[in-house]
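Proteins come first, then strands; the chains are lettered A, B, ... in the order of their sequence lines, and each starts at number 1. Note that these values count all heavy atoms, side chains included, but never hydrogens, waters or copies made by symmetry. Note that this is a predicted model, so its numbers are computed, not measured.
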Amino acid sequence: MQARLKRRYRKERMFKAVGLGGLMTGLLALAVMVISILSTGLSGFTESRLHIDVYMDPEIIGTIAGNTEKERLHSLMQINYSALVRNSLRQKFPDVKGRRNIFSLQKLVSKGSREDIKQRLLEDESIIGKTITMNLLASSTVDMYLKGQISRHVDQSERKISDKQLAWLDVLQAEGRIVKGFNWKFLTSGDSREPELAGIWGAAMGSFLTLLVTLVVAFPIGVASALYLEEFAPKNKWTDLIEININNLAAVPSIIFGLLGLAIFLNLFNMPRSAPLVGGLTLALMTLPTIIISSRAAIRAVPPSIRDAAIGMGASRIQTQFHHVLPLSMPGIMTGTIIGMAQALGETAPLLMIGMVAFIVDVPHGVLDAATALPVQIFLWADSPERGFMEKTSAAIIVLLLFLVLMNGLAIWMRHKFEKRW
Amino acid sequence: MITKKLSMLLSAAALTVAIATPAVARDQIRMVGSSTVYPFATAVSEEFGKKTKFKTPVVESTGSGGGLKLFCEGVGEKYPDITNASRAIKSSEIKRCAKNGVTEIVQVKIGFDGIVFANSKKAKRVELSLRDIWTALAAKVPVNGEMVANPYKYWSDVNANLPHIKIEVLGPPPTSGTRDAFAELAMEGGCKTYPDIKAMKKKDKKQYKTICHTIREDGAYIEAGENDNLIVGKLQANPDAFGVFGYSFLDQNSDVIQGSIIKGKEPTFENISNGSYPISRSLYFYVKKAHVDKTPGIREYLAEFTSDNAMGEYGYLTEKGLIPMPAADLKKMREHTKNLVTLSK
């Protein structure tokens, strides 16, 4: 008797230890992932700029023609900004001679600096002919060096930045002309081939528009089907078959839905490729089963006494559903929907088939504009040869994780706020 | 309350479907195709979008074969204007295109891409022949006149001059264009050096190809996925391993990895450009002539791509690892592109 009791306690302790061990392994994996992403990704949110005196040479700039802003912008596009930057840098370092050297001097500054200069010119034309100090964006290589990701203590042939460039940077640094700042562009612009110019906003907008379409399509259909199946449909072989199919659909790999989207929306309905509309519809097909299943569970959890009372008071069946059952099950339905949405937010495979894995610079503004999505952007950056994209990839992962945490947090909050207990 | 919200959602859904009428006028160039050309095509697109009044083109990365398939599906707004390819179009693809009404195709050769065989800088640089590569990686190799499953475990087994380290090569999977080119140029090139196998080419071409192109699957060759950055990372972690990938990745990571010398030639810009480095291939893109002037900006895009600013000695594409053609070929190509000379059938 004593021995058996002992054995039972031992078994219990063992089970607890194994469970705790499993939990710890999971937490450890999570911690390693989060730490590694944060350690490489956080620097992606900062950028380096160089204080350079730029002479707004009237000969290079010419006259800015046009009355409307659009015409003026077009005229501003024609300016040879690299010549402006090059001349200003040569003024700073007058003893740099030779085409190759001047070329590598110019490489200190990002190609994106032309946007800064353009903006200044658009705002204030009177600066033409004057010398103004500007914060020009440093190139990705310089940025990588300043962030300590390129070591200067190796042979010149083994790094992307040359000894000469280092010497120039040292001069600039000694004069306090190198400043670091928060990389707003990363949060406000679209994709770019230059790591220092690449931004996540285009992809975030794409994800937002896609999810909007998914929600608008999947939510009403999902809730209506759940309500019908749970409250109105007769229980027979057909409804059983439908139920089995819905449960199966929830487990179908997402790439299959992509193929379905390609066949139906693109080939049959001739919808445009790469559009969030198509992406949203495809993802709606994918999230529907999740929404239906969770909605049914929520509806089933409403006690029958509520329905009986409503019907007893003379309410019709529709009134019972819409005035009582649906509002009471709404927290559960919303939770399921948000989790389904979060799942859709992380999908890339179905988007591959419908052309959303693409290089898109312009930020999309409507569901028909070409767009990409957050996880796709991560995939594309991870595959880019430029070193600077490494931190951008991790930074984008941080943004995506933040969105996911936010959405899941919202689901939990809603459940706590609106949940009713009987 | 809820009913109101629901009906609002429903009407919004109806509205979205209503907007989705087909055949939306396209004012943006659409491109598909090779992931090898993708870094170059996107760089030109971005520059083009910033410099001109046209919208920035959309570039999809679908792989060469997938791109040509989409490209050949027809003429019209639905179909891409341009497809990028890391190989020349096949005659079967031209036929397929013609069947769907795509008869006029302009081929633009943009330059070369070298495929490098590289290892970590922490290890010694090695010198290989194509024969070494094939013998180390083929599924079956001749031993005493018979074809047997590849028995070699160490590089020194393949060639006594090579170091005594385990054969471990990370490379692209069969779906990749880089793998195709590697099989065709490096593997077949090495395989041909065995007279017995070379003689087979005339007799049984199919078997010859199988023997030459099949890569061993016993763990010595590790398929590392399409992500070349991953291979670069793994090479740094394991100095004994070698990796197979495009030149632009070597160029961008020259501080941590080094390209092996093949047939006495280092994978450098010059050697690939003049064709002396043995594993290099041409890169192309194809333009649907019927779309020029229909989709705004195609002519300007072609001009930007072939400009000195992009392809020249100090051009931004060159900086991204594209290896331009020799000057004479470049001039001819520009002429052809400008006049939209189509492929002859």
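- Of all the listed residues (R114(A), K111(A), E194(A)), the one sharing the greatest number of non-hydrogen pairs under 4.5 Å with chain B is R114(A).
- Between chain A and the residues V256(B), V59(B), V58(B), the most heavy-atom pairs under 4.5 angstrom are made by V59(B).
- By the 6.0 Å and 45° rule, K288(B) stacks over the aromatic ring of F71(B).
- Between R125(B) and Q258(B), the shortest heavy-atom contact is N-NE2, 3.3 Å.
- Centroid-to-centroid, the aromatic rings of F305(B) and F285(B) come within less than 6.0 Å.
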Audit row: D113(B), T36(B), side chain to side chain donor-acceptor pair (under 3.5 Å) steps and yes/no
CA-CA 8 Å; D113(B) 177 40; T36(B) 314; 5.1 Å; no
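- When heavy atoms are compared at a cutoff of 4.5 Å, Y316(B) approaches chain A solely by way of its side chain, counted from C-beta outward.
- Contacts of P80(B) with chain A are absent, with no heavy-atom separation under 4.5 Å from either backbone or side chain.
- Taking all atoms of both residues into account, the shortest heavy-atom contact from P57(B) to Y301(B) is CG-CD1, 4.3 Å.
- Residue contact with chain A, scored on non-hydrogen atoms closer than 4.5 Å, involves the backbone and the side chain of K55(B) alike.
- Interface remark: of the candidates I79(A), D362(A), T372(A), D362(A) forms the most heavy-atom pairs closer than 4.5 Å to chain B.
- Of all the heavy atoms in M356(A) and V376(A), the pair that sits closest is O-CG1, 3.6 Å.
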Verdict with reasoning, E266(B) to N271(B), per side chain to side chain donor-acceptor pair (under 3.5 Å):
CA-CA 7 Å; E266(B) 225 183 291; N271(B) 285 343; over 6 Å; no
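- At a 4.5 Å heavy-atom cutoff, L230(B) makes no contact with chain A through either its backbone or its side chain.
- With a 4.5 Å cut-off on non-hydrogen atoms, I150(A) does not touch chain B at all.
- With a 4.5 Å cut-off on non-hydrogen atoms, S274(A) touches chain B through its backbone and its side chain both.
- Options S82(A), S192(A), G280(A) differ in how many heavy-atom pairs under 4.5 Å they form with chain B, and the most are formed by S192(A).
- When each of G355(A), G190(A), A370(A) is scored by its heavy-atom pairs under 4.5 Å with chain B, the top score falls to G355(A).
- Using a 4.5 Å cut-off between heavy atoms, E73(B) makes no contact with chain A at all.
- A salt bridge is defined here as a Lys NZ or Arg NE, NH1 or NH2 lying under 4.0 Å from an Asp or Glu carboxylate O, and K185(A) with E196(A) fails to meet this definition.
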